Amino acid sequence: MNLSKNIALHCKQKNMPLSLLARKAKVPKATLHGWLTGRRALNLDQLRRVADTLEISLYQLLFSADDPNIDRKMHLERIFSGDVRVVIEKIQ
């Protein structure tokens, strides 16, 4: 995992300065700098917001690779999309 390189790469691709990323993701700029230098512990909620702001998956942000679970998730969404009806009957 090289979080600092991944954040820098995706910020560069989006032409987004770190200060703008911090503001959009609602993560303190000092926290982002701490992650980049390895001096700050990671917070999952903040990491998710950064990934969402950069429009990538959390897996991609952390591991620089496509999420292997994406196909499975999309398949399940197709199966369970639409109306779902549940019937509850009292069993006597």
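These numbers were taken from a predicted model, which means no experiment stands behind them.
- Within a 6.0 Å sphere centred on CG of Asp45, heavy atoms belonging to other residues, nucleotides or ligands number more than 12.
- Annotation for Trp35 and Arg40: closest pair CD1-O, 3.7 Å, computed over non-hydrogen atoms.
- Using a 4.5 Å heavy-atom threshold, the side chains of Leu47 and Leu3 count as touching.
- Atoms OG1 and NE2, on Thr53 and His10 in that order, are 13.0 Å from each other to the nearest 0.5 Å.
- Distance check: Arg49 CZ to Leu44 CG gives 10.5 Å after rounding to the nearest 0.5 Å.
- No side-chain N or O of Asn6 forms a donor-acceptor pair with one of Ser4 less than 3.5 Å apart.
- Interatomic distance, CZ of Arg23 versus NZ of Lys29, reported as 9.5 Å (0.5 Å rounding).
- Hydrophobic cluster membership is shared by Leu42 and Leu54, with clusters built from Ile, Leu, Val, Met, Phe, Trp and Tyr side chains linked at under 4.5 angstrom.
- Atom-to-atom distance recorded for Met16:CE and Ile7:CD1 is 12.0 Å, nearest 0.5 angstrom.
- For Ala22 against Pro28, the heavy-atom pair with the smallest separation is CB-C, 4.3 Å.
- Contact annotation: the side chain of Lys14 never approaches that of Leu21 to less than 4.5 Å [non-hydrogen atoms, C-beta and beyond].
- Counting heavy atoms from C-beta on, the side chains of Leu18 and Leu36 come closer than 4.5 Å.
- Ion pair Arg48/Asp52 not flagged as a salt bridge, since none of the NZ, NE, NH1 or NH2 atoms sits closer than 4.0 Å to an Asp/Glu carboxylate oxygen.
- By the rule that hydrophobic residues join a cluster once side-chain heavy atoms approach within less than 4.5 Å of another member, Leu20 and Leu9 end up as members of separate clusters.
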